[in-house]
Amino acid sequence: MRAVGVRERNGRPEVLQARRPEPGEGEVLVRIAAAGLNPLDWKIADGVLEDVVPYDFPLVMGVDFAGVVEGNGPQAHRFVTGEQVFGHVVSEPVGRGTYAEYVVVNETGSVAPAPLTLPLTAAAGAPTAGMAALGIMGAAALRSYRSLLIIGAAGGVGTFLTQLAAAEGLRVVAATHGHDQARMASFGAALTVDARERPLEEAVREEYPAGVDALVDLTSHAREDFAAHAGLVRDGGVAVSTVDAASLDALHGRGIEGINFHLDPSAELLEGLVRQIDSGRVAVPIEAEVPLDEAPGALARNRAGGARGKTVLLP
């Protein structure tokens, strides 16, 4: 089957010929309709999980997918042939990814019936980013706050989080690097700040002199950058980093709860995401649909940053 992957750690992504996987015990074979592209995909190919699980090369990239069940292995009964599903999968050993025509997933893993209100091509853009946004909402108890500053709001997780928070009644301040005011407003943001045109602190302090209730920083890797953003949170608020930049000691003196969030994918999170999508509270922001053969170029653009919404790959 056709696939996209790398032949070695830090290798250049390329179109490969890979063997079609066969489902083992408790596994489901899915014919992929589309695969979602995430920064996690190239980070895995670069070796971010090498100390956690073994790698198998050539490594087929990708973790997100949507498609149709084509077969079940022994003792796999959760899904029936022909059922539309979507999900997130990291194989062990790493190497059986979703940038391909077929993928095998464990039926007890993070896979669920696909949303009824979306085509599969759109559903493929939802699993990782949507689960992360839902997970952040729960981990930080964001529903109990009134205002939220999101750094990196225009990307995949940011657009899901903006919608979820706005639907819960939070006033969202979306920090972006580009002219995204109309787009972010359509997702429910009350205020969008283009940090290239106006100092973020100035814009936030004008609206919230004492600081916002909550911060979710999706982009700042340096602790000093995260700390600067956390300085815009009122005493007693909450500040979340998705890249381990939250220095808990630095926040403790102001009574701010600091959280370094890590996604724990699950079928339960996916099912919760489906409810949000099918209820109309959340749209999946697809930026581009790209043929699988053009995945290497799409990955290069994603590495360069500045993504708006989600890119999906079509086999």
Side-chain angles (χ1 to χ4, degrees), residues 1-79 85-112 124 126-129 131-132 135 242-244 262-270 292-293 295-296 298-300 302-303 311-313 315:
M1 69 173 181
R2 290 166 52 255
V4 170
V6 295
R7 298 186 184 276
E8 59 186 0
R9 182 179 177 272
N10 285 318
R12 184 185 297 273
E14 59 181 286
V15 179
L16 306 168
Q17 285 297 319
R19 184 165 57 185
R20 171 176 153 169
E22 294 296 330
E25 185 169 333
E27 293 183 327
V28 178
L29 175 67
V30 178
R31 176 166 48 83
I32 293 176
L37 189 154
N38 298 285
L40 178 62
D41 303 340
W42 49 264
K43 291 176 182 178
I44 288 175
D46 287 353
V48 71
L49 296 180
E50 276 189 328
D51 294 335
V52 181
V53 291
Y55 274 47
D56 184 26
F57 294 96
L59 181 152
V60 177
M61 298 175 67
V63 298
D64 281 358
F65 69 93
V68 178
V69 173
E70 193 145 300
N72 291 290
Q75 306 304 313
H77 308 295
R78 183 179 168 205
F79 302 102
V85 296
F86 79 144
H88 166 113
V89 59
V90 177
S91 65
E92 187 173 345
V94 172
R96 300 191 304 180
T98 61
Y99 291 6
E101 295 176 294
Y102 292 88
V103 70
V104 161
V105 298
N106 192 302
E107 71 168 7
T108 63
S110 48
V111 57
T128 296
M131 284 193 293
T242 58
V243 289
D244 285 328
H262 298 273
L263 174 63
D264 184 13
S266 68
E268 290 74 21
L269 268 179
L270 278 175
L292 190 64
D293 291 346
L299 283 161
N302 188 267
R303 275 184 183 269
T311 293
V312 295
L313 307 175

query: Looking only at atom types and distance, does a side-chain atom of Glu14 sit under 3.5 Å from a main-chain N or O of Pro296, one as donor and one as acceptor?
result: no
Distance in Å, Glu92 CD paired with Asp56 CG, rounded so as to fall on 0.5 Å steps: 12.0 Å
Point-to-point distance, once rounded to the nearest 0.5 Å, from CG of Leu40 to CG of Leu49: 7.0 Å
field: Euclidean distance, Gln75 CD relative to Glu107 CD, rounded to 0.5 Å
entry: 9.0 Å
statement: Rounding to 0.5 Å, atoms CH2 (Trp42) and CG (Asn10) come to a distance of 11.0 Å
task: Kindly say whether Tyr102 contributes a backbone atom to a donor-acceptor pair with the side chain of Arg31 at under 3.5 angstrom?
output: no
message: Could you go through Val85 and Arg78, starting from their C-alpha distance and side-chain angles, then the distance that decides it, and tell me whether this counts as side chain to side chain contact (heavy atoms under 4.5 Å, CB included)?
response: CA-CA 11 Å; Val85 296; Arg78 183 179 168 205; over 6 Å; no
message: Using a 3.5 Å distance criterion without hydrogens, assess whether the side chain of Ser91 forms a donor-acceptor pair with backbone atoms of Arg96.
response: yes
query: How long is the gap from CG on Leu313 to CE on Met61, to the nearest 0.5 Å?
result: 9.5 Å
statement: On a heavy-atom basis, the closest approach of Val6 and Ala45 is CG2-CB, 4.1 Å
- prompt: Taking Asp64 for the side chain and Thr128 for the main chain, is one N or O donor matched with an acceptor at less than 3.5 Å?
  reply: yes
message: Assess the residue pair Val111 and Val28 against the criterion (side chain to side chain contact (heavy atoms under 4.5 Å, CB included)); give the C-alpha distance rounded to whole Å, side-chain angles, the decisive distance to 0.1 Å, and a yes or no.
response: CA-CA 10 Å; Val111 57; Val28 178; over 6 Å; no
query: When you look at CZ of Arg2, are more than 12 heavy atoms from neighbouring residues, nucleotides or ligands closer to it than 6.0 Å?
result: yes
query: Does the Tyr55 side chain pair with the main chain of Ile44, one donor and one acceptor, at a distance under 3.5 Å?
result: yes
message: Quick one: does any side-chain atom of Thr98 pair with a main-chain N or O of Ala35 as donor and acceptor, under 3.5 Å?
response: no
